> 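Can you keep this structure in mind? I'll have questions shortly.
Because the structure is predicted, anything quoted here is derived from the model rather than measured.
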Amino acid sequence: QVQVVESGGGLVQPGGSLRLSCAASGLPLDAYTIEWFRQAPGKKREGVSCISSVDDYTYYADSVKGRFTLSRDNAKRTVYLQMNSLKSEDTAVYYCATRDDPDCSDSEEDYPYWGQGTRVTVAS
């Protein structure tokens, strides 16, 4: 049975940092493409960042480019989303989604495996 688990969310002040983690059991996460999505209150879920299973190509939405960094630790089969210079508009539930395809996609329907989400609140 596949299980995807996110962790690392919490409350942080504007300008602060958080590191989210995504781990999975039941599938070789190091060989899968992983995308982080987020859903802010009252808004649609949106793709934030993706790391491909091929050459670890990474993609960032314009809203987070230069502030967020996505990395993969294959030994731990974990993907990390380092979030720096956080803003109030980054407040959302963050979801890790994964699929056995080398291409990144911002379409939720393309990802069969999802975590339960971790809440990030940026407030003073």
> Could you give the side-chain donor-acceptor pairs of residues 31-42 under 3.5 Å, partners two or more places apart or in another chain?
| from | atom 1 | to | atom 2 | distance (Å) |
| --- | --- | --- | --- | --- |
| T33 | OG1 | S53 | N | 3.1 |
| T33 | OG1 | D101 | O | 2.4 |
| E35 | OE1 | Y111 | OH | 3.0 |
| R38 | NE | E46 | OE2 | 2.7 |
| R38 | NH1 | D90 | OD1 | 2.9 |
| R38 | NH1 | Y94 | OH | 2.9 |
| R38 | NH2 | E46 | OE2 | 3.3 |
| R38 | NH2 | S63 | OG | 3.4 |
| Q39 | NE2 | K43 | O | 3.1 |

> If you take all heavy atoms of A24 and L27, which pair is closest and at what distance?
CB-CD1, 3.9 Å
> Using modelled atom types only, decide if a donor and an acceptor are shared between the side chain of Y60 and the backbone of L70 within a distance under 3.5 Å.
yes
> If a pair satisfies disulfide bond (SG atoms under 2.5 Å apart) and one of its residues is in residues 95-124, list it, with sequence neighbours excluded.
C22-C96, C50-C104
> If hydrophobic residues (ILVMFWY) are linked whenever their side-chain heavy atoms come closer than 4.5 Å, directly or via other members, who joins Y59 in its cluster?
Y57
> Any sub-3.5 Å donor-acceptor pair from Q116's side-chain atoms to V5's backbone N or O?
no
> Taking M83 as the starting point, is it possible to reach Y80 by hopping between hydrophobic residues whose side chains are less than 4.5 Å apart?
no
> Following the transitive rule for hydrophobic clusters with a side-chain heavy-atom cut-off under 4.5 Å over Ile, Leu, Val, Met, Phe, Trp and Tyr, establish whether L86 and V48 coincide in one cluster.
yes
> For residues 117-124, tabulate all N or O donor-acceptor pairs below 3.5 Å that involve a side-chain atom, not counting sequence neighbours.
| from | atom 1 | to | atom 2 | distance (Å) |
| --- | --- | --- | --- | --- |
| T118 | OG1 | G9 | N | 3.1 |

> So which heavy atom on R99 is nearest to which on D103, and how close?
NH2-O, 2.6 Å
> So how far is it from T78 OG1 to L20 CG, rounded to the nearest 0.5 Å?
12.5 Å
> Who passes salt bridge (Lys or Arg N to Asp or Glu O under 4.0 Å) against D55, sequence neighbours left out?
none
> Excluding sequence neighbours, so at least two apart, what forms salt bridge (Lys or Arg N to Asp or Glu O under 4.0 Å) with D56?
R72
> Any idea which heavy atoms bring R45 and W114 closest together, and the distance?
NH1-CZ3, 3.1 Å
> Any idea which heavy atoms bring V12 and G16 closest together, and the distance?
CG2-CA, 3.8 Å
